[in-house]
Amino acid sequence: MKIATWNVNSLKVRLQHVIDWLKESQTDVLCLQELKLPNEKFPGAELEAAGYRSWFAGQKTYNGVGILVRDGLVVDEATVVRNIPGFEDPQQRMIATTIGDVRVVSAYFPNGQAPGTEKFAYKLDWLNAMHDWLAQEMQRYPKLALLGDYNIAPEDRDVHDPKAWEGQNLVSPEERAQFARLIELGFVDAFRQFEQPEKTFTWWDYRMFAFRRNAGLRIDHILLSPALAPLCKSVEVDKTPRKWEQPSDHTPVIAQLDVAS
DNA sequence: ATGGCTGATAGGATCAGA
């Protein structure tokens, strides 16, 4: 089973990219972030025609997450969860479902703006709530995969220019400590289980020719629970869609799991 | 140098992203 994550920065604008990439990559389960559309505008019929069923939590203008599942995979409808249980939030940033015996979570972590701001405080609150919920979720579902735009670059090697970024939003010690807390739950950064090219990133600013200069960050991740991590056979960042016309600023990360699909 | 792009909402500038 191939699972992937992609912040598409508007599913309306990127629908054809998603459909083309699904076909090209042969992905079975695609977690999406930043749909930027209300539920009534979700392009379910177009994705169905491409061979995928969709679960999503959208809202107007901002945020919004979804999980696309290839036809034929068994999804347990009764286990779908939208947003973090117990964490009141109008922002739609998390959806979870169960495919076979694999629990899949698609998450759009808050950006945070800058350390010290209200939005940064919200980011830390959200991360705390997510951490506590995931601790329980891992007990319920040993095979747990957390995919998404984390808006955290865990280490300096995930940053094109660590000096310039030192202490900034997305790399600050507080955020990295939160990422480390997820690792302490037992999660494994699937990407780092394998040898990877130097300076592999998943996001590049639209401005200043950042992609051309590879001035990016690795902020989109796939974390796997202890029971699932050993079943992961490869992880790669696929830069191709970032080269397409009118791309998302993020590019997909894909993992091959040794799980029946 | 807080600029530089892009998308959504709106029907022009502003917010938000990272």
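Within every chain, numbering begins at 1; the chains are lettered A, B, ... in the order of the sequence lines, protein sequences first and strands thereafter. In this text, all values refer to a predicted model and were calculated from it rather than measured experimentally.
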Please figure out whether Gln246(A) or Asn7(A) has its closest DNA chain B nucleotide nearer the 5' end.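 By nearest-heavy-atom nucleotide position, the 5'-most residue is Gln246(A).
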With DNA chain B as reference, determine whether Tyr108(A) or Leu37(A) sits nearer its 5' end, using the nearest nucleotide of each.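 Of the two residues, Leu37(A) wins.
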Going by atom types alone, do [X] and [Y] pair a side-chain donor with an acceptor below 3.5 Å?
X	Y	result
Asn7(A)	Asp220(A)	no
Asp238(A)	Trp21(A)	yes
Asn83(A)	Glu88(A)	no

Spacing of the [atom1] atoms in [M] and [N] (rounded, Å):
N	M	atom1	value
dG3(B)	dG17(B)	C1'	16 Å
dA1(B)	dA13(B)	C1'	23 Å
dA10(B)	dC15(B)	P	14 Å
dG4(B)	dT9(B)	C1'	23 Å
dT14(B)	dA18(B)	P	22 Å

Can you say whether the rings of His160(A) and Phe201(A) are parallel (under 30°), tilted (30 to 60°) or perpendicular (over 60°)?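 Taking Phe201(A) first and then His160(A), their aromatic rings stand perpendicular (interplane angle over 60°).
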Should the ring pair Phe211(A) and Trp204(A) be called parallel, tilted or perpendicular, given that the plane angle runs from 0 to 90° and is split at 30 and 60?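 Aromatic pair Phe211(A)/Trp204(A) classed perpendicular.
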Chain A footprint on DNA chain B, 5' to 3' - any atom under 4.0 Å from a heavy atom: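 On DNA chain B, the outermost contacted nucleotides are dG4(B) to dA18(B).
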Just label dG11(B) as syn or anti from its O4'-C1'-N9-C4 or O4'-C1'-N1-C2 angle, using within 90° of 0 for syn.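 Glycosidic conformation of dG11(B): anti.
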In plain terms, say whether Arg103(A) and Asp76(A) are close enough for a salt bridge, that is, a side-chain N and a carboxylate O under 4.0 Å apart.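 So Arg103(A) does not pair with Asp76(A) through a salt bridge.
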What is the nucleic acid contact for Asp205(A), judged by heavy atoms within less than 4.0 Å: base, sugar-phosphate only, or nothing?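 Answer is nothing: Asp205(A) stays at 4.0 Å or more from every strand.
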